[in-house]
Amino acid sequence: MRVCYMFPGGYFKALTFSFDDGVDQDVKLIDIFNRNGLKGTFNFNTGMSRYRKFDRERFRQIYAGHEIACHGEFHPFFDYLPRTELTREVWNDRKNLEEMTGGVITGMAYPNGSFSPKVIEILEDCGIEYARTTVATMRTRAFPENFLAWHPTCHYRDAMDMADAFVNEARPFPQVFYIWGHSYEFDRGVKDWQYMEDLAAKLGNRNDTWYVTNIELCRYLKAIRSLQYSTDGKTVYNPSAQTVWFRIGWEGEPETHRVAPGETFHITESEETM
C-alpha cells in the first residue's frame, strides 16, 4: 500500500505567489494574475504612507480573491527589535489589516527577511500561522518543516528557469512552486512586466495545478500532517477542518479519495495490494 497525498481537485501541483510592501504596481500585477487564473498573497506595512492612501472599499476591490498578510507595521529588521517593540510591530500591523479587510489576518512575510527563534516565538504569541522568509530553496518538493520559517522556491526573477520543469513534470508526486518578490521591481529591472506576462501565461490557466494563496496552502498542508492512522494503517481519521485528497497505489489507475473533516476512511483490501 502506498498513500500519495494530492491537492484539492486531485492535483499534484500547487502554485502560489507572495509579493511584499503593498505598492501601486500591485494593481497591474493582480490584473495579470486574474487573467491567468493565478492567486497570490500581498504583504502590507500598515504604518507606511503608501498604505494610508487606500480607502476600505477600494482596498477590498483591488485585492479581491487574493490574500492580505502582514509585513511589519513599519518594515523594520525584526531580529534587531526588543521584544515589546517587535510584538507591537506585528500586532498593530495585523490589527490594522483586519480593520481594513473585515477578516482574520494570520499570515506574514518577514520584512527584510529578518527572523530568529525569538521572532518566531513572538509571532506564535501574536497568532501568526505562517511567515515567509527570503531564503530560496530552488526546489518544488521542499515542504516547510516550520511554517513560521517558510522558505519559498525562488524569487520571481529565477522562476522562468524552473517553470518548464514544473509544467512538464508528470510523475505523481506533490509539488509546490512558491514564488516571491515585489511588484515595483517590474518597473526597475531587466525582468520587466513582459517577463511577468510570459511567466503567468506559462504557469496559469492549466488543468493540472491548484492555484492557491499562502494561507490556503498552509492550512491544507497542516491538514495533511494532522491525519491520524490506525496501528495497522488501514483506517485514517481527519481531525482537521479541511477535506484532504489522496490516492492509494502508484500502478495502473488508482482511485482518488477524499477524507472530509471529521470523517474516518477505511482502506479496502484491493487497494492494500496495489
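All figures in this text were calculated on a predicted structure; none of them were measured in a lab.
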I would like to know whether Tyr11 and Trp245 meet ring pair (Phe, Tyr, Trp, His ring centres under 6.0 Å); could you show each step before the answer?
-> CA-CA 9 Å; Tyr11 302 138; Trp245 295 63; 8.2 Å; no

Could you go through the side chain to side chain contact (heavy atoms under 4.5 Å, CB included) check for Leu217 and Val176 one step at a time?
-> CA-CA 9 Å; Leu217 181 57; Val176 172; 3.5 Å; yes

Apply the test ring pair (Phe, Tyr, Trp, His ring centres under 6.0 Å) to residues Phe7 and Phe12: give CA-CA distance (whole Å), side-chain angles for both, the deciding distance (0.1 Å), then the verdict.
-> CA-CA 6 Å; Phe7 297 116; Phe12 284 111; 8.2 Å; no

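Using cut-offs of 30° and 60° for the angle between ring planes, the Phe19 and Phe33 rings count as perpendicular.
Contact check on Arg219 versus Glu129 returns a salt bridge, with a Lys/Arg side-chain nitrogen under 4.0 Å from an Asp/Glu carboxylate oxygen. A salt bridge links Lys39 and Glu216; the closest N-O separation between the charged side-chain nitrogens and carboxylate oxygens is under 4.0 Å. At a threshold of 4.0 Å, the pair Glu197-Arg35 counts as salt-bridged, since one of the basic side-chain nitrogens sits closer than that to a carboxylate oxygen. We find that Asp26 and Arg50 are not joined by a salt bridge, their nearest charged nitrogen and carboxylate oxygen being 4.0 Å or further apart. With respect to Glu121 and Arg83, a salt bridge is recorded, a charged nitrogen being found less than 4.0 Å from a carboxylate O.
Both the sub-6.0 Å distance and the 45° axial angle are not jointly satisfied by Lys191 relative to the ring of Phe186. Because its NZ or CZ atom is both nearer than 6.0 Å to the ring centre of Trp193 and within 45° of the ring axis, Lys28 counts as a cation-pi partner of that residue.
Distance alone, capped at 3.5 Å, is enough to place a donor-acceptor pair between the Asp192 side chain and the Gln194 backbone. Checking side-chain atoms of Arg52 against main-chain N and O of Gly47 turns up a donor-acceptor pair under 3.5 Å. Of the possible polar contacts, one joining the Ser114 side chain to the Asp79 backbone as a donor-acceptor pair under 3.5 Å is found.
Using a 4.5 Å heavy-atom threshold, the side chains of Trp210 and Thr16 count as separate. Counting only heavy atoms from C-beta outward, the side chains of Thr41 and Ile215 never approach each other to under 4.5 Å. Taking 4.5 Å as the limit, some side-chain heavy atom of Val104 sits within range of a side-chain heavy atom of Arg94.
Of the N and O atoms on the side chains of Asp20 and His75, not one donor lies less than 3.5 Å from an acceptor on the other residue. One side chain, Asn43 or Ser18, offers a donor N or O that lies under 3.5 Å from an acceptor on the other. Between the side chains of Asp187 and Gln25, at least one donor N or O lies within less than 3.5 Å of an accepting N or O. A donor-acceptor contact closer than 3.5 angstrom is absent between the side chains of Asn238 and Glu263. For the residue pair Thr133/His151, the side-chain donor-acceptor check at 3.5 Å is satisfied. A donor atom on one side chain and an acceptor atom on the other are not found under 3.5 Å apart for Thr256 and Arg247. Asp93 and His71 form no side-chain donor-acceptor contact under 3.5 Å, judged by distance and modelled atom types alone.
Here the shortest heavy-atom pairing between Val212 and Ala14 reads CG1-CB, 4.5 Å. Closest non-hydrogen pair, Val23 versus Tyr63, comes out as O-OH, 4.2 Å.
Linking Ile, Leu, Val, Met, Phe, Trp and Tyr residues whenever their side-chain heavy atoms come within less than 4.5 Å leaves Ile105 and Leu86 in two separate clusters. One hydrophobic cluster holds both Met160 and Ile32 under the rule that ILVMFWY side chains link at heavy-atom gaps under 4.5 Å. Cluster membership check: Met6 does not share its hydrophobic cluster with Phe166, using side-chain heavy-atom separations under 4.5 Å among Ile, Leu, Val, Met, Phe, Trp and Tyr.
Note on residues 165-186: pairs passing salt bridge (charged side-chain N to carboxylate O under 4.0 Å, His left out), not counting sequence neighbours, are Arg141-Glu169, Glu169-Arg171.
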